[in-house]
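For reference, the structure discussed in these notes is given below.
We use all heavy atoms of the structure for the numbers below, so side chains are in, but hydrogens, waters and symmetry mates are not.
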Amino acid sequence: MHEMSIAAAVVDQVSRAAAEHGARGVTAVRLDVGELAGVVPAALDFCWELACEGTALAGSVLSATTVTARARCVPCAVEWAPGLPPDLGCPGCGGGRVELLTGRELQIRGVDWADGPPGPGPGPTGEA
């Protein structure tokens, strides 16, 4: 279950950002998780509370948004959703030279500081 190490890495990164911004705590963290990233959302939710214990993120809410995978055929430029398990054969020409455009993300989308304004304000690295 690598979700615990993912949760710990996110908590560590957000904790450092909270300290840099002088925030007393964090109420929410938003993540983008690609559907091909190999992350089980339920397992990540389960690990979140444990990873946050004793940190500025204790009691925070994790909100993970799944990013649908998109692929593009290099020779013919057809784009499609490869699904799960991924079908990486081009539906246009049948070719196998494929570029994965989205679906492998694991990105912190935003953070709500406990002492900051509510809503989608800037996160530790800014909103994307």
Run the side-chain contact (heavy atoms from CB on, under 4.5 Å) test against [X] and tell me which residues pass, sequence neighbours left out.
X     : answer
Ala51 : Met4, Ala7, Val11
Thr27 : Asp112, Ala114
Ala56 : none
Val67 : Asp32, Thr102, Glu105

Discussion item. Hydrophobic cluster membership, with links at side-chain heavy-atom distances under 4.5 Å among I/L/V/M/F/W/Y: are Leu62 and Val111 in one?
Written reply: yes

Discussion item. With a 4.5 Å cut-off on side-chain heavy-atom distances among I, L, V, M, F, W and Y, is there a chain of contacts connecting Ile108 to Ile6?
Written reply: yes

Side-chain donor-acceptor contacts of residues 78-101 below 3.5 Å, not counting sequence neighbours, with atom names and distances?
unit_1, atom_1, unit_2, atom_2, d
Glu79, OE2, Arg72, NH1, 3.3
Trp80, NE1, Asp87, O, 3.0
Asp87, OD1, Gly89, N, 3.2
Glu99, OE1, Arg72, NE, 3.2
Glu99, OE1, Arg72, NH2, 3.1

Worksheet item: Where is the tightest heavy-atom contact between Ala58 and Gly54, given as atom of each residue plus distance?
Response: CB-N, 4.4 Å

Item to complete: Check whether any side-chain N or O of His2 sits under 3.5 Å from a backbone N or O of Gly38 as a donor-acceptor pair, and report yes or no.
Response: yes

Discussion item. In the structure I gave you, are the side-chain heavy atoms of Leu44 and Leu31 within less than 4.5 Å of one another anywhere?
Written reply: yes

Worksheet item: Say you draw a straight line from CD of Gln13 to OG of Ser15; how long is it, rounded to the nearest 0.5 Å?
Response: 10.0 Å

Worksheet entry | Sequence neighbours excluded, every pair satisfying side chain to side chain donor-acceptor pair (under 3.5 Å) that has a member inside residues 33-55 | Trp48-Ser60

